[in-house]
Structure formats: C-alpha cells, structure tokens
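One structure is given below, encoded as structure tokens.
Keep in mind it's a predicted model, so treat the numbers as computed, not measured. All values below come from the heavy atoms of this structure, side chains included, with hydrogens, waters and symmetry mates left out.
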Amino acid sequence: MAVLVKDVMIENPKTLINTANVGDAIQIFAREKISSIFIVDKTGELVGILSDADIIDDVVHNVRKKNKQLNHIRSWYQVDCFPYYLKTVVNDPIDSCYTSRVYTVRPDDTMREASKIINKRQLRHMPVVDEDNKPVGLITRNNVVHGLFKEFLDNPNAECLEDSQDDDF
C-alpha cells in the first residue's frame with residue numbers, strides 16, 4: 001500500500017501573514033529553529049513560502065545594490081558584517097523576498113507523487129494544503145526519504161508500476 005503524505009508530514013507548520021516584515025520572519029526562524037515559513041493572507045490561505053535562504057539572498061542583493069564596490073559579492077559568507085547588513089532589511093515587507101509560486105500537495109497524495117515534485121523542482125520544503133489551500137503540514141526531503149523507506153518496508157517485493165512520463169507538472 002502506498003504511503004501517503006499525511007503519514008509522514010510535519011503537522012502545524014509555522015505561518016506568517018503576508019503583511020509582516022522581514023524582522024518578524026527572522027524572529028520566528030531564530031526562535032523555532034526552522035528554515036521555512038509559509039506565508040498566508042488574512043484568511044489563512046497559502047500565498048507563498050519564505051526560506052532563510054530567501055532572506056540571505058535579499059540581504060546580499062541589498063548589499064550589492066547599496067554599495068557598487070561590493071558588486072562581486074554573490075553569497076552571505078562573503079559579507080564581512082552580515083549582521084550589520086541584515087539590519088538594513090528587517091523593516092522591509094516580506095513580499096519583497098518570499099516565493100509566491102509554490103508547489104503543494106494534499107494530505108491524501110502519495111509520497112511517491114510528492115517525491116517527484118520535490119525532486120523535479122529541487123525543493124527543500126513543500127507545503128501540504130487542505131481543500132481551501134490552507135497549510136496543514138510540511139514535507140521535506142527527509143520526509144520523502146522516510147516515506148519511501150516505509151513504503152519499501154511495507155511491501156519489499158512490490159513491482160514497479162510507474163510510467164516514465166512525469167513531465168506533467
């Protein structure tokens with residue numbers, strides 16, 4: 001039997017309203033020790049995802065934009081005073097840096113379906129949403145691996161029934 005997303009997802013994902021600022025997100029990242037937050041509108045519907053990497057990219061972009069002598073900088077570890085530059089973006093609205101094109105799955109989707117999306121789109125995190133597009137969970141690459149391991153252990157002699165056409169998303 002196929003392992004479903006709901007069998008391995010992380011429940012109650014952290015969310016942040018889309019009117020918040022980068023500083024609000026940084027506080028949640030630090031307090032919760034997480035690396036992504038789902039962005040929701042005032043009704044709780046998913047509108048995007050913000051990762052710690054999105055904030056870092058925003059800082060690097062701002063450093064390069066504000067100081068032409070630092071145009072060679074491509075990553076945060078090249079910024080000597082990263083906390084100083086981080087201070088320059090904390091009041092920016094999060095809509096300046098979150099990803100609004102989000103791939104999602106539903107709790108009753110199979111982990112195999114989810115793994116195809118995560119692999120093809122090179123995702124680290126993927127929201128699990130209900131029928132109203134409200135976040136109910138999160139799956140990561142680790143969840144995918146654990147789900148596929150569980151599927152194997154439940155039926156180690158299962159035949160492969162996949163077709164090779166997975167370009168439909």
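- Judged by distance alone, the side chain of Glu113 and the main-chain N or O of Thr110 form a donor-acceptor pair under 3.5 Å.
- Counting heavy atoms from C-beta outward, Cys97 and Leu50 have side chains that approach closer than 4.5 Å.
- Between Asp54 and Thr99 the shortest side-chain heavy-atom distance falls below 4.5 Å.
- At a cut-off of 3.5 Å, with distance as the only test, no side-chain donor of Thr140 or Asn142 sits close to an acceptor on the other residue.
- Other residues, nucleotides and ligands place no more than 12 heavy atoms under 6.0 Å from the CZ atom of Arg101.
- Across Val102 and Pro127, no two heavy atoms sit closer than the pair CG1-CG, 3.5 Å.
- Counting only heavy atoms from C-beta outward, the side chains of Val105 and Ile117 approach each other to under 4.5 Å.
- The minimum heavy-atom distance linking Leu16 with Ala20 is given by the pair CG-CB, 3.6 Å.
- Each of Val40, Leu46, Asp95, Ile39 was compared with Asn18 under the side-chain contact (heavy atoms from CB on, under 4.5 Å) criterion, and only Ile39 meets it.
- Considering CG of Asn119 and CZ of Arg121, their distance stands at 11.0 Å, rounded to 0.5 Å.
- A heavy-atom distance below 4.5 Å is found between the side chains of Phe29 and Ile55.
- For the pair Arg31 and Ile28, the minimum side-chain heavy-atom distance is below 4.5 Å.
- The minimum heavy-atom distance between Ala114 and Val5, with the atom names listed, is CB-CG2, 4.0 Å.
- Within the 4.5 Å cutoff, no side-chain heavy atoms of Val128 are placed close to those of Pro135.
- Atom NZ in Lys150 sits 9.5 Å away from atom CG in Leu4 (nearest 0.5 Å).
- Hydrophobic clustering of Ile, Leu, Val, Met, Phe, Trp and Tyr side chains at less than 4.5 Å, counting indirect connections, unites Tyr103 with Met9.
- Between Lys6 and Asp108, at least one side-chain nitrogen of the basic residue sits less than 4.0 Å from a carboxylate oxygen of the acidic one, meeting the salt-bridge criterion.
- Annotation: side chain of Met111 is in contact with side chain of Val144 (closest heavy-atom distance under 4.5 Å).
- At least one donor-acceptor pair closer than 3.5 Å links the side chain of Lys134 to the backbone N or O of Thr43.
- Looking at Asn21 and Val90, their side chains never come closer than 4.5 Å, going by heavy atoms from C-beta outward.
- The shortest heavy-atom contact between Val136 and Val129 is CG2-C, 4.1 Å.
- The distance from atom CD1 of Ile10 to atom CD1 of Ile34, rounded to the nearest 0.5 Å, is 10.0 Å.
- The two residues Asp58 and Ser96 come nearest to each other via the heavy atoms OD2-OG, 4.1 Å.
- In this structure, the side chain of Arg141 engages the main chain of Leu123 through a donor-acceptor pair within 3.5 Å.
- Panel note: side chain Asn143, backbone Val8; a donor-acceptor pair is recorded below 3.5 Å.
- The minimum heavy-atom distance between Thr104 and Met126, with the atom names listed, is CA-CG, 4.1 Å.
- One finds a salt bridge joining Asp52 and Arg124 here, because a Lys/Arg side-chain nitrogen approaches an Asp/Glu carboxylate oxygen to under 4.0 Å.
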| request: Evaluate the criterion side-chain hydrogen bond (donor to acceptor under 3.5 Å, both in side chains) for residue pair Ser51 and His125; output intermediate values, then yes/no. | output: CA-CA 9 Å; Ser51 72; His125 312 98; over 6 Å; no
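- A donor-acceptor pair under 3.5 Å is absent between the side-chain atoms of Asn155 and the main chain of Phe152, judged by distance alone.
- In this structure, Ile26 is a member of the same hydrophobic cluster as Ile94, with clusters built from ILVMFWY side-chain heavy atoms closer than 4.5 Å.
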| query | Yes or no on side-chain contact (heavy atoms from CB on, under 4.5 Å) for Leu148 and Ser115, after CA distance, side-chain angles and deciding distance? | reply | CA-CA 9 Å; Leu148 295 176; Ser115 71; 4.2 Å; yes
